[in-house]
Amino acid sequence: MSLDFGAVIPFVIELGFTLEKFEGGESVMHYAPRPEHCNSFGVTHGGAVMTFLDVIMATAARSVQPGMGVVTIEMKTSFMRPAPASKNGEPLVGQGRLMHRTRSMAFVEGSVFDASGQLCAHATGTFKYVPPAERPDHTKGPLPTD
């Protein structure tokens, strides 16, 4: 099962993230890192893990107000153990939780777990709610999907 992000995010599509839960200040996502997402040690590159965490937290923030967009203001990440690349299609699991929000800001945390449930990375972040972005052709609304 995969839910609609409510926005077209080409980089997320390229990495293959899927949204599994998007409600009430919580999000769950899956990511099956491919070999080209690995570092020289053969595990998921830290930048890919941080991107996953950024999107996990952003979707948790948006889940309480899906019509709005969010932009990252700041993010702190801690890496606990390597996040293995996908074997046998087993994805990394990301969980996001909105901890507090104001009218314009969201304070969120996110965690990434391996297929055995071990915590690989954790982040906290601050996001600003913004109206849906204008398209590059200066019309309003999401980018087309094709």
Validation row: T77, L53 side chains within 4.5 angstrom (heavy atoms): yes
G42 to C38 - nearest heavy-atom pair and separation: O-SG, 3.9 Å
Closest contact, heavy atoms only, F22 versus P66: CE2-CB, 4.1 Å
Shortest non-hydrogen contact between V43 and P82, atoms and distance: CG1-CB, 3.8 Å
Check: V49 main-chain N/O paired with T44 side-chain donor or acceptor under 3.5 Å: no
CD1-OG1 distance between I13 and T18, expressed to the nearest 0.5 angstrom: 12.5 Å
Residue pair V108 / M99, side-chain heavy-atom distance below 4.5 Å: no
Heavy-atom closest contact (V112 atom, F52 atom, distance): CG2-CD2, 3.7 Å
Atom CD of E14: over 12 foreign heavy atoms under 6.0 Å: no
Smallest separation among heavy atoms of L98 and A61, with atom names: CD1-CA, 4.4 Å
Linked, directly or transitively: F17 and V93 (ILVMFWY side chains, under 4.5 Å): no
Any F107 side-chain heavy atom under 4.5 Å of T124 side chain: no
Close side-chain approach of Y129 to T102, heavy-atom, < 4.5 Å: no
Test item: T59 and M29 side chains (from C-beta on) under 4.5 Å apart, heavy atoms: yes
V28 with M57, same ILVMFWY side-chain cluster at under 4.5 Å: no
Counterpart residues, side-chain contact (heavy atoms from CB on, under 4.5 Å), relative to D114 (two or more places apart): R81, P84, L92, S116, Q118, C120
By side chain to side chain donor-acceptor pair (under 3.5 Å) - contacts of H37 (at least two apart): Y31, R34
Polar side chain donor-acceptor pair, S63 to E23, under 3.5 angstrom: no
Distance in Å, E36 CD paired with H45 NE2, rounded so as to fall on 0.5 Å steps: 13.5 Å
Ring-face cation contact, F127 with R62, 6.0 Å cut, 45° max: no
Same cluster (ILVMFWY, side-chain, under 4.5 Å), I9 and M50: yes
Minimum heavy-atom distance F113-Q95, with the two atoms named: CE1-OE1, 3.6 Å
Main-chain N/O of I73 paired with T126 side-chain donor or acceptor, under 3.5 Å: no
H122, NE2 atom: more than 12 neighbouring heavy atoms under 6.0 Å: yes
Intermediate values then yes/no, salt bridge (Lys or Arg N to Asp or Glu O under 4.0 Å), E109 and R97: CA-CA 5 Å; E109 69 176 351; R97 182 175 69 92; 2.8 Å; yes
Connected via hydrophobic side-chain network under 4.5 Å: V55 and F79: yes
